[in-house]
Amino acid sequence: MQLHFTRLLFTLVLLTGLAGCGGVEEDSQFETIGQALDETNEDRDPPKGLNGTSPACFWAHRTQQVLRNLGSGALDRGAGFLPGIPLSDVSAQCRHVLRSAVECALTRQQSVIDPVTGELYTGWWGLAPSWSGNVLDTPGRRYVTACMVQRLNYYGAPVPILLEGPAPSIARNASFDAQYSIEESTVFGDLFSSTTPLLGILPAFNVFVCWESLLPQSCGLLGLPLLGSRLCDDLPLCGLVPLGPCALSCVRDGPYWKCRPNLFSAPWTETVRVKLDTATCQ
């Protein structure tokens with residue numbers, strides 16, 4: 001019974017945090033979002049950033065197939081262009097998922113052009129910069145997956161976040177602790193290597209998420225009616241696997257966690273934690 005309650009509470013905590021601590025009233029929440037968008041680049045340099053990726057677009061089977069295909073080759077397929085991905089596979093409304101992949105993988109000095117829409121996608125977090133000219137390697141697959149998942153937001157609105165993990169580009173920096181004081185969750189997974197058939201309502205891959213801290217006390221969650229809401233926006237295609245508290249599911253790796261996707265696997269060190277701006281929950 002205690003384990004069941006812990007997992008239930010964890011799911012509520014996780015989903016609200018990824019939505020920007022849904023405990024604030026809607027008007028206040030969008031005011032905070034507007035303030036975040038008005039920040040200068042200097043104020044929001046990596047590893048700071050914004051979430052806001054639509055779960056419906058991310059988990060769609062066609063999107064997942066496109067991402068798998070992208071991982072099998074270089075992002076830059078010549079002259080700075082991504083491969084041509086038709087709108088029938090990823091619609092104009094869901095192209096932001098492609099942008100998210102690029103922002104997670106490449107540095108701010110790297111960019112690629114979507115040949116279908118003409119949009120320029122510029123890197124941000126730099127978790128797999130070699131993907132620009134080469135096949136996405138195993139650490140890159142894991143880091144980019146975790147980064148993209150940590151940017152999901154079922155409200156579809158951008159919220160300030162800070163990413164932390166063993167990768168040098170998102171290494172913990174104590175100077176950010178005052179502003180990003182709410183440790184929310186750690187994620188690990190690999191969408192690019194998944195061989196799950198993209199059929200029916202079968203999730204494309206499993207992403208593992210553990211509860212990082214006492215977010216209910218930090219964000220006023222306990223009274224919220226979020227049983228019907230999830231990170232995945234209640235989509236049957238979502239592959240979210242809640243693990244409960246990180247301290248029970250993973251082992252310490254310095255200031256981070258290393259976690260096993262299954263009992264027979266070696267621990268993965270390629271995990272990504274998300275922290276929330278203190279103002280998000282005020």
Would you say [X] and [Y] make side-chain contact, with heavy atoms under 4.5 Å?
X: Gln150; Y: Asn51; answer: no
X: Asp277; Y: Gln179; answer: yes
X: Pro115; Y: Leu82; answer: yes
X: Leu237; Y: Gln64; answer: no
X: Arg151; Y: Phe58; answer: no
X: Leu198; Y: Arg62; answer: no

Minimum-distance pair of heavy atoms, taken over all atoms of Leu87 and Ala92: CD2-N, 3.7 Å

Over all atoms of both residues, closest heavy-atom pair of Leu70 and Pro83: CD2-CG, 3.4 Å

For the atom pair [atom1] ([X]) and [atom2] ([Y]), what is the distance rounded to the nearest 0.5 Å?
X: Thr122; Y: Leu106; atom1: OG1; atom2: CG; value: 9.0 Å
X: Glu164; Y: Leu162; atom1: CD; atom2: CG; value: 5.0 Å
X: Leu136; Y: Ser72; atom1: CG; atom2: OG; value: 9.5 Å
X: Asp177; Y: Glu183; atom1: CG; atom2: CD; value: 7.5 Å
X: Asn206; Y: Leu191; atom1: CG; atom2: CG; value: 11.5 Å
X: Arg68; Y: Thr196; atom1: CZ; atom2: OG1; value: 6.0 Å

Treating [X] as the side-chain partner and [Y] as the backbone partner, does any N or O pair qualify as donor plus acceptor under 3.5 Å?
X: Thr271; Y: Thr186; answer: no
X: Thr145; Y: Arg141; answer: yes
X: His61; Y: Leu202; answer: yes

Are [Y] and [X] linked, directly or through intermediate hydrophobic residues, by side-chain heavy-atom contacts shorter than 4.5 Å (ILVMFWY only)?
X: Phe81; Y: Leu120; result: yes
X: Ile170; Y: Tyr256; result: no
X: Phe205; Y: Val66; result: yes
X: Ile161; Y: Val272; result: yes
X: Leu276; Y: Trp257; result: no

Cys246/Cys210 sulfur gamma separation below 2.5 Å: yes

Cationic N near anionic O, under 4.0 Å, Glu119 to Arg95: no

Residue pairs fulfilling disulfide (SG to SG under 2.5 Å) with at least one residue in residues 101-173, sequence neighbours excluded: Cys104-Cys147

Arg172 atom CZ, neighbour heavy-atom count above 12 within 6.0 Å: yes

Trp131-Phe192 aromatic ring centre distance below 6.0 Å: yes

Cation-pi, Trp124 ring and Arg108 (6.0 angstrom, 45 degrees): yes

Plane angle bin for Phe188 and Phe208 - parallel if under 30°, tilted between 30 and 60°, otherwise perpendicular: parallel

